[in-house]
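Take this structure first; my questions come after.
We use all heavy atoms of the structure for the numbers below, so side chains are in, but hydrogens, waters and symmetry mates are not. So that the names make sense, note that chain A is the first sequence line, chain B the second, and so on, each numbered from 1.
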Amino acid sequence: MSCTQTILDYGLRAIGIGERLLPRTDFTLCQQFTLIGSGLIWNVYFAVMALVVGFFLANAVAMGKASDRWWLRKLCEWFVLIFRGSPLFIQFFLAYFIFLRLKQAGILPFLTVAQWGALVVLILNTAAYSAEIFFGALKSVPKGEVEAAEAYGMTGWAKFRRIIWPTQMRLAWPAYTNEAIFLFHATTLVFFSGFPTWRQQGDALYYAQYFADKTFNPFVPYPILAFYFVVISVAVIGLFGLINRRLNRHLPQAQRPKLRYRPQIIR
Amino acid sequence: MFEYCVDPSVLEGFRWLSCYLTTGKHFLFYWSFLTVLTLLAVTAPTALAFGFGGAMLARGPAPVSWLGKVYIMAVRGVPDIAFFLFFVIALDQGIEYLRHMVVCPDWTDPIRQGNDFIVCSDAKTPNNSADQIYHDVYGFFLAVFTYAIVFGAFAANVLFGAMQAVPRGQIETAEAYGMTPRQTFWRITVPQMWVYALPGLSNLWMVLIKATPLLFLLGIEDIVYWARELGGTKQAKFTDYPHGDWRLWYFLFLLVFYLAFTKVSEAVLDRVMARLTRGQGTLGGTA
C-alpha cells in the first residue's frame, strides 16, 4: 500500500472520515506519521477553541479580581485558586463524573462527550491561568498613563478600553504566549482522563500510545509526536509574535519585549 | 474494623459510613496517599541532585558543558506527558537489554522480532518468579527515576540561573582571598545561590505536586487508581457495602487534598524564603 493511499485512508481518521479499522499488523512509518498527525486535529480543536473562549473569560475574571465589590473579588479568587491549585488531570476526572450525573438527571447530556465536556474544563482551566497573568499585568500598568488619560477627561469604559486594556495586553503577552503553548500540551491529557474515545477517534497521544502498545517500541511513535508538538509550538510562537509586534508597534525598536519560550511540563 | 461491623446490611447512617470507610480496600486507598507523599519525598531531592549535576556540567569547560546543556534542552524541549509515557518503557527496555547482554552472551536471536521485544528469561527485570512486592518496588523506582530526570532538567535550569545570579563582587572577594575556583564554588557560590533559586524551585515544587496524578499513567496503584476503583458502582452480590456511582465524591476528595497540599506548601515556602533572605542585600532582606 502506497503512502498516498495511507494518507487518503487515515488522514482524517480522527474525525471519523476514511478507513474504520486501524492498522493491526505490519505498521509502516507512514501509517504512524499519518494517524498521529490526524489525531492532532483534536489537539488543535481543543486548544484553539479553549484559547478563544478562555481569553474573554480570563479578561472578565481578571477584572473581577480587581473589583471593588468584595463578593465578586472573592468569587474570582476562589475560581483561580481551584483551577490553578489542583492538577488538570483530576479536574478532567471530576468534571466527567459531574457531567455523568447531570446526564442521568437529563441536563445537558452532550457534556459527557469529550469534544464538549473536556472543552468546558479546558476553557475554565486556561481562563484561570490566563486571568492570573492578566491580573498581574493590570497591576503593573504604569500610573502615569492612567493619570494622563484622566487629565484628558477619560473615565470609566473609555479609559479602560483605550488606555488600560491595550497596555495590560502588551504587558501580559509574553507570558500569555507560554500559556497558549502549555494549553496545547495539556490537550493531550483529555483522552487519558475519564472521557472515553468514540470509535477510536482520539488525539495524537492516543494514537501514539496505540502504536507504542501494539509494537512495544516507544522509540518511533513518541518522537513523531514530539516532532509534531515542536512544530506546533514554533507555529504558536510565530503567530503570537506577530500579534506582539502589532501590540508594540509604537515603541522604539530596542524597547520591544521579546517572546521567550519557557516550557513547563504539566499543570 | 469496629465490632458492630460484622453485618453491614443492618447498619444505618453514620455507623454504616464508619464501617464502609474502614474496609481493607479503603486502607489501601489511604496507603496510596503515602505512596504519593513518598514519591514526592524521594523525587524532590533526587531531582534536585540531578539538577545540581546538570547545572554544574553546564558551567564546566566546553565539551562537558555541552552535555549539561543538551540534557537541559532535550528534556525541556520535548513537550509533555508523552515523555512520561515514553520514558518508562524506554528505561524498562534499556535495563533489560543491558542485563540481557551481560547475562546471556550466547543468545543469537535478534531482540526485536517484529512487534516483540524478546530477551532471555534470566534478563527479565524483575524475574517472572519474583514476589509481587519486587514488581511494585521496581515500578515505583522507574517512576521516581522518570520524574527525577524530567524535573531534574527544570531544576538544572533554575540552579544554573541562580549560580549566575550570585553577585560578581562576592566571587571577586573570594579570589582576592586566594581561594581556588573549587573553594570559591563550594564556599561562596553554593551557599549564596539558594536565595536566587528558591522562587524557581518553589514554582517547580508546585508543578511537581500537580504532576503526581500522572503516576496513574505509569501503571502504579496510586490515589487516582483507587478513587476510580472504590468509587465505581458496587453490586450487593460482590460486596457487603453496595452503593451507586460515587466516583464524583472520591475525586472531589482528591481535589480538596491537592488544594490543601498546595496551600500548605505555599505557606511553608514563604517561611523558608523569609528565613533565607535574612541579612541578604536584596529588597526582601533589608529589614
By a 4.5 Å heavy-atom criterion (distance strictly below it), what part of A/Leu100 contacts chain B: side chain, backbone, both, or neither?
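For A/Leu100, the contact with chain B is made by the side chain alone.
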
Please give me the minimum heavy-atom distance between A/Arg84 and B/Lys210, naming the atom from each residue.
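Scanning both residues, the minimum pair turns out to be O-NZ, 2.8 Å.
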
Engaged part of A/Gln209 at the chain B interface, taking heavy atoms whose separation is under 4.5 Å:
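The answer is the side chain of A/Gln209.
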
Describe, in one word, how the ring planes of A/Phe93 and B/Phe251 are oriented to each other, choosing from parallel (under 30°), tilted (30 to 60°) and perpendicular (over 60°).
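Parallel.
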
Heavy-atom closest pair, residues A/Leu94 and B/Leu248
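That would be CD1-O, 3.4 Å.
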
Who among B/Leu254, B/Val256, B/Thr262, B/Leu255 has the most heavy-atom pairs with chain A under 4.5 Å?
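Most pairs with chain A among the choices: B/Leu255.
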
Measure across A/Ile90 and B/Pro213 and return the closest heavy-atom pair with its distance rounded to 0.1 Å.
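In this case the closest contact between A/Ile90 and B/Pro213 is CG1-CG, 4.0 Å.
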
